[in-house]
Amino acid sequence: MTLHHIVDGPTGGPTLLLASSLGATHAMWEPQVGPLSERFRVVRCDRRGHGRSPVVPGPTTIDDLGRDLVGLLDALDLERVSFCGLSLGGLEGMWLALRAPARVDRLVLACTFSSFAPRETWIDRASTVRDEGLDAIADATIDRWFSASFRDAQPAVVTRFREMLVSTPPEGYVACCDVLADADLTGELGRIDAPTLVVTGSEDPTITPARGDELASAIPGARHVTLDGAAHLANVDRANAFTAALLDHLEAP
């Protein structure tokens, strides 16, 4: 399967692949596209069951999501890219750096961890979405995604992201809840050899800065930065600071 994707920026230069959070599409990265595409060929994609990528029937694992990304790289004839993933997208990035290390140049892991335990959280959320739809979890998700100050200052953006979430096919969302219930790459993190930046938000209730420290400590040579005031979608909540941190890592000597 080739994931739906959008490519911005010059051809022939270094490429950056962006992977989104559960319940979000490639449009999540719009705050970064302008500045990043001045320097990189930027590839944004919708994972299976999200946005314009098809739902795939049956159980889904982190191996499936990772292989989808490898398939996209192959389809675009990209041998090696830098990668930035947020939340579930970051877990996909860890998989790629572990299972296909030759394909990853530099790695950015934002608001993510190698396991999203406890498992029951995702089983319960999947059950709610199956029974009641995504609208039943939308308000709680928005509260995690954005800080209170951002929600107050940018209501139109918050509304747009809520619409993005509730438009996700429920079966696609539920399949990725199953991924988050079962995936655990913690014991393998010491094998990641790509230069890695870990990014967290000080207001993120899902992945705290302490978890970011833990993740960075497990990856050889990784750095960790915390963005003040950012919640889970730190790339939107504190877009300028996130972009600056990303470029600093990608363009470091």
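In this structure, CG on L250 lies 8.5 Å from CG on D105, to the nearest 0.5 angstrom. Here the OG-CG distance, from S87 to D204, works out to 8.0 Å after rounding to the nearest 0.5 Å. The CH2 atom of W122 sits 6.0 Å away from atom CG of L22, with the distance rounded to the nearest 0.5 Å. The line from CG of L96 to CE of M94 is 12.0 Å long, rounded to the nearest 0.5 Å. L185 CG to E92 CD: the interatomic distance, rounded to the nearest 0.5 Å, is 11.0 Å. For the atom pair L36 CG and E38 CD, the distance stands at 9.0 Å (nearest 0.5 Å).
A 4.5 Å side-chain heavy-atom check between R162 and D135 finds at least one atom pair inside the cut-off. Proximity of C84 to L246: side-chain heavy atoms (C-beta onward) are separated by under 4.5 Å at one or more points. Annotation: side chain of P59 is not in contact with side chain of D178 (no heavy-atom distance under 4.5 Å). With a 4.5 Å cut-off on side-chain heavy atoms, L180 and L91 count as touching. The closest side-chain heavy-atom distance from T25 to T168 is not below 4.5 Å. Two residues are said to be in side-chain contact when any heavy atoms from C-beta on lie closer than 4.5 Å; V81 and V43 fail this criterion. Side-chain contact check for T112 versus L86: every heavy-atom pair is 4.5 Å or farther apart. Residues V236 and Q154 are not in side-chain contact: their nearest non-hydrogen atoms beyond the backbone lie 4.5 Å or more apart.
The two atoms that bring L109 and G90 nearest to each other are CD2-O, 3.4 Å, heavy atoms only. Of all heavy-atom pairs spanning L197 and A245, the tightest one is CD2-O, 3.6 Å. Listed here is the closest heavy atom pair of A97 and L107: CB-CD2, 3.9 Å. Residues T200 and P209 share a closest heavy-atom pair of OG1-CA, 3.7 Å. Nearest heavy atom pair, residue A231 against residue C111, reads O-SG, 4.2 Å. Closest of all the heavy-atom pairs between G212 and V198 is O-CG1, 3.8 Å.
Both M164 and L18 are assigned to one and the same hydrophobic cluster, defined by single-linkage of ILVMFWY side chains at heavy-atom distances under 4.5 Å. Put simply, Y173 and V56 are part of the same group of oily side chains (I, L, V, M, F, W, Y) that touch within less than 4.5 Å, one to the next. Side-chain heavy atoms closer than 4.5 Å link hydrophobic residues (I, L, V, M, F, W, Y) into clusters, and following such links, possibly through other members, connects L98 to L17. No single ILVMFWY cluster, assembled from side-chain heavy atoms under 4.5 Å apart, contains both M28 and V33. In the hydrophobic clustering of this structure, I142 groups with V157; members are Ile, Leu, Val, Met, Phe, Trp, Tyr whose side-chain heavy atoms approach within less than 4.5 Å, directly or through other members.
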Mind listing the side-chain donor-acceptor pairs of residues 189-196 below 3.5 Å, one per line with the distance, residues two or more places apart or on another chain?
from : atom 1 : to   : atom 2 : distance (Å)
R191 : NH2    : E188 : OE1    : 2.5
T196 : OG1    : A194 : O      : 2.7

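Using modelled atom types, one side-chain atom of T159 and one backbone atom of P155 make a donor-acceptor pair closer than 3.5 Å. The backbone N or O of G229 sits less than 3.5 Å from a side-chain atom of S202, completing a donor-acceptor pair. Counting only distance, with no hydrogens or angles, the side chain of R47 and the backbone of S21 share a donor-acceptor pair below 3.5 Å. The closest donor-acceptor contact from the side chain of D64 to the backbone of T61 lies under 3.5 Å. With hydrogens and angles ignored, the 3.5 Å screen pairs a side-chain donor or acceptor of S53 with a backbone N or O of D46.
Residue pairs meeting the salt bridge (charged side-chain N to carboxylate O under 4.0 Å, His left out) criterion with at least one member in residues 242-253, sequence neighbours excluded: R39-E251, R223-D248. Residue pairs meeting the ring-ring contact (aromatic ring centres under 6.0 Å, His included) criterion with at least one member in residues 91-120, sequence neighbours excluded, do not occur. Applying the ring-ring contact (aromatic ring centres under 6.0 Å, His included) test to pairs two or more places apart or on separate chains, none has a residue in residues 219-253. Residue pairs satisfying the ring-ring contact (aromatic ring centres under 6.0 Å, His included) criterion with at least one member in residues 11-69, sequence neighbours excluded, are listed as follows: H4-H26. Residue pairs that meet the salt bridge (charged side-chain N to carboxylate O under 4.0 Å, His left out) test with at least one member in residues 1-14, sequence neighbours left out, are D8-R44. For residues 106-116, there are no salt bridge (charged side-chain N to carboxylate O under 4.0 Å, His left out) pairs, not counting sequence neighbours. Counting only residues at least two apart or on different chains, the ring-ring contact (aromatic ring centres under 6.0 Å, His included) pairs with a member in residues 124-149 are F146-F150, F146-F161. Pairs engaging residues 107-120 under the salt bridge (charged side-chain N to carboxylate O under 4.0 Å, His left out) rule: R119-D182 [sequence neighbours left out].
Checking T141 against R144 by side-chain atom types alone, a donor-acceptor pair falls below 3.5 Å.
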>> Checking R41 against L78 for the side-chain contact (heavy atoms from CB on, under 4.5 Å) test, could you report, in this order, the C-alpha distance in whole Å, the side-chain angles of both residues, the deciding distance, and whether it holds?
In response: CA-CA 11 Å; R41 185 184 185 192; L78 295 171; 3.5 Å; yes
>> For a side-chain contact (heavy atoms from CB on, under 4.5 Å) check, start with the C-alpha distance between L88 and C176, then their side-chain angles and the critical distance, and finish with the verdict.
In response: CA-CA 8 Å; L88 176 54; C176 289; 3.9 Å; yes
>> I'd like to know whether D74 forms a salt bridge (charged side-chain N to carboxylate O under 4.0 Å, His left out) with R103, so could you lay out the CA-CA distance, the side-chain angles of the two residues, the decisive distance to 0.1 Å, and finally the verdict.
In response: CA-CA 10 Å; D74 290 344; R103 310 302 289 268; 2.9 Å; yes
>> As a quick check of understanding, evaluate side-chain contact (heavy atoms from CB on, under 4.5 Å) for T2 and L76, giving each step before the final call.
In response: CA-CA 10 Å; T2 300; L76 295 175; over 6 Å; no
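Under 4.0 Å is where a charged nitrogen must lie from a carboxylate oxygen, and between D228 and R238 no such pair does. A salt bridge does not link R151 with D237: none of the charged nitrogens is closer than 4.0 Å to a carboxylate oxygen.
Evaluation of the side-chain hydrogen bond (donor to acceptor under 3.5 Å, both in side chains) rule for R52 yields no partner, not counting sequence neighbours. Residues passing the salt bridge (Lys or Arg N to Asp or Glu O under 4.0 Å) test with D124: none are found, sequence neighbours excluded. With sequence neighbours excluded, the residues satisfying side-chain hydrogen bond (donor to acceptor under 3.5 Å, both in side chains) with E214 are R211.
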